[in-house]
Amino acid sequence: MSVKVEGLSKILFFDIETACLVEDYSKLSSRLQKEWGKRANRFVKIHEYPLSEEEIAAFYNEKAAIFAEFSRVICISMGILSQSVPGRWELRIQSLSGKAEKDLLKDYLDLLNGYYFDRYRHRLCGHNIREFDVPFLCRRYLANGLPLPRIIQVMGQKSWQIGHFYDTLEMWKFGDYKHYTSLDLLCAVFGIPSPKRTLSGDQVNAFFWQNRLSDIVHYCEADLEATVKLFLKICSLDIGDDMRVVKVPKSIEEEE
């Protein structure tokens, strides 16, 4: 995969954060509780005995946020690279966030269809977006009764047919399908400051239900900035050291 400097402005970098659909397992409908029990038992691979109701409930708070059927999108951070003056690169970051998932997804839909809609001209980039972010978004769009943004309409397509995604995890795999490397580890390898300095992924759900959405937005934006710098390192594009980062005013729902 060859990425040229002149193509950087056509890439939309993005990252999402997710949280459980409801605050507590007991607030799920009886139908979803039953289905979560099945999912939990399969996930932990308990064969000798099924999980107790208490274990299933605890597992919901720990892991439900990674399953689109039991969780929601709470933040989407986006970034674009541009040159304000020749040779001077700028990363502009903006975030959409809030408890009203459907409104958040609508805003992202309008942005993608308005500016990043042509898979022959535009690219999306993130870390592990092929296996997590894009499939998660598609499932939540449909669950909310919304159409899919055109650029992530990949239903039924094979991975080799989807050439408009730059996934830093896939790029680092070099064809090794068994190898998973976290963003934080790759940042350590390349000397990029860790995005996990104030918050880690396993704390996001708790922060959301504590109405600490602004902390989650800062965390998501730090992940995004680290992903951009990682992408530039992997592509051997030497523009990151002097790159200016600009935070565009966010659309954050007021915390209650």
Side-chain angles (χ1 to χ4, degrees), residues 14-29 31-46 51 54-77 95-99 101-102 104-105 108 124-144 146 148 152 154-155 159 165 167-170 172-173 177-187 195-196 199-210 212-213 215-224 226-227:
F14 79 100
D15 186 41
I16 70 172
E17 298 301 331
T18 65
C20 296
L21 197 59
V22 292
E23 185 174 4
D24 185 78
Y25 168 75
S26 64
K27 296 181 180 179
L28 283 174
S29 67
R31 193 173 180 184
L32 282 178
Q33 284 185 3
K34 181 180 178 180
E35 293 300 326
W36 176 251
K38 295 177 185 177
R39 178 67 58 87
N41 276 287
R42 283 201 307 272
F43 191 79
V44 297
K45 298 179 180 177
I46 298 294
L51 294 174
E54 291 76 16
E55 289 172 321
I56 289 173
F59 195 68
Y60 176 81
N61 290 328
E62 293 172 13
K63 294 293 183 183
I66 66 173
F67 297 106
E69 299 84 2
F70 300 95
S71 56
R72 60 168 79 184
V73 179
I74 58 173
C75 179
I76 304 175
S77 291
S95 296
L96 305 171
S97 64
K99 292 184 178 179
E101 182 190 36
K102 190 169 185 176
L104 187 161
L105 293 176
Y108 194 50
L124 297 179
C125 181
H127 191 74
N128 199 26
I129 60 171
R130 285 182 181 268
E131 290 192 3
F132 184 73
D133 301 64
V134 169
F136 195 103
L137 281 171
C138 290
R139 291 164 186 155
R140 293 312 302 166
Y141 269 104
L142 295 181
N144 279 279
L146 296 171
L148 298 179
I152 64 170
V154 295
M155 188 182 297
S159 59
F165 294 163
D167 189 325
T168 50
L169 174 59
E170 292 293 329
W172 183 249
K173 282 183 176 182
Y177 290 100
K178 303 180 296 296
H179 196 71
Y180 175 83
T181 311
S182 69
L183 175 62
D184 207 27
L185 173 54
L186 287 178
C187 286
K196 316 294 185 185
L199 185 62
S200 60
D202 59 356
Q203 296 175 295
V204 169
N205 183 66
F207 272 48
F208 177 70
W209 293 108
Q210 293 166 11
R212 298 177 64 178
L213 192 54
D215 292 319
I216 295 171
V217 171
H218 294 319
Y219 167 73
C220 193
E221 291 179 345
D223 263 6
L224 178 71
T227 299

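For the single chain, residues carry numbers from 1 onward in sequence order.
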Original post:
Roughly how far apart are L148 CG and C138 SG, rounded to 0.5 Å?
Top reply: 5.0 Å
Subject >> Exercise: do D202 and S200 side chains pair donor with acceptor under 3.5 Å >> reply: yes
Original post:
Does I66 reach the side chain of S71, with side-chain heavy atoms less than 4.5 Å apart?
Top reply: no
Original post:
Looking at side-chain heavy atoms only, is the closest gap between L105 and L137 below 4.5 Å?
Top reply: yes
Original post:
Hey, which of L183, D223, I129 is the one that makes side-chain contact (heavy atoms from CB on, under 4.5 Å) with D15?
Top reply: D223
Subject >> Any side-chain heavy-atom pair of R39 and K63 under 4.5 Å >> reply: no
Original post:
Between the main-chain N or O of S77 and the side-chain N or O of E221, is there a donor-acceptor pair closer than 3.5 Å?
Top reply: no
Original post:
Using 30° and 60° as the class limits, which term best fits the ring planes of W36 and F67: parallel, tilted or perpendicular?
Top reply: perpendicular
Original post:
Rounded to the nearest 0.5 Å, how far apart are CZ of R212 and NE2 of H218?
Top reply: 11.0 Å
Original post:
With a 4.5 Å heavy-atom cut-off, do W209 and C20 have their side chains touching?
Top reply: yes
Original post:
In Å and rounded to the nearest 0.5 Å, what is the OG to CG distance from S97 to L104?
Top reply: 7.0 Å
**OP:** Considering non-hydrogen atoms only, spot the tightest contact between F136 and A65 and give its length.
**Re:** CE1-O, 3.7 Å
**OP:** Carefully, step by step, assess S26 and D24 under the rule side-chain hydrogen bond (donor to acceptor under 3.5 Å, both in side chains).
**Re:** CA-CA 5 Å; S26 64; D24 185 78; 2.5 Å; yes
Original post:
To the nearest 0.5 Å, what is the distance between CD (E23) and CD (Q210)?
Top reply: 9.0 Å
Subject >> Flag, side chain of D167 to backbone of N128, donor-acceptor distance under 3.5 Å >> reply: yes
Subject >> I76 side chain near S95 side chain, heavy-atom distance below 4.5 Å >> reply: no
Subject >> Whether over 12 other heavy atoms sit under 6.0 Å from K34 NZ >> reply: no
**OP:** Check whether any side-chain heavy atom of F208 sits under 4.5 Å from a side-chain heavy atom of E17, and report yes or no.
**Re:** no
Original post:
Does any N or O in the side chain of Y219 come within less than 3.5 Å of the main-chain N or O of G201, such that one atom is a donor and the other an acceptor?
Top reply: yes
**OP:** Starting at CG of D133, measure out to CD1 of I16 and round the result to the nearest 0.5 Å.
**Re:** 4.5 Å
**OP:** Check the side chains of T227 and H127 for a donor-acceptor pair under 3.5 angstrom, ignoring hydrogens and angles.
**Re:** no
Original post:
For E55 and L51, which heavy atoms make the closest approach, and how far apart are they?
Top reply: OE1-CA, 3.4 Å
**OP:** Could you tell me whether a side-chain N or O of E101 sits under 3.5 Å from a main-chain N or O of V73, the two making a donor and an acceptor?
**Re:** yes
Original post:
Do R31 and E35 meet the salt-bridge criterion of a basic N to acidic O distance under 4.0 Å?
Top reply: no
Original post:
Under 4.5 Å between any side-chain heavy atoms of Y60 and L21, yes or no?
Top reply: yes
Subject >> Distance (rounded to the nearest 0.5 Å) between N205 CG and I216 CD1 >> reply: 8.0 Å
Original post:
Are the side chains of N41 and I56 in touch, meaning some heavy atoms are under 4.5 Å apart?
Top reply: yes
Original post:
Can R130 be said to sit on top of F165's aromatic six-ring, NZ or CZ under 6.0 Å from centre and within 45° of the ring axis?
Top reply: no
Subject >> Exam field: side chain R140 to backbone A68, donor-acceptor pair closer than 3.5 Å >> reply: yes
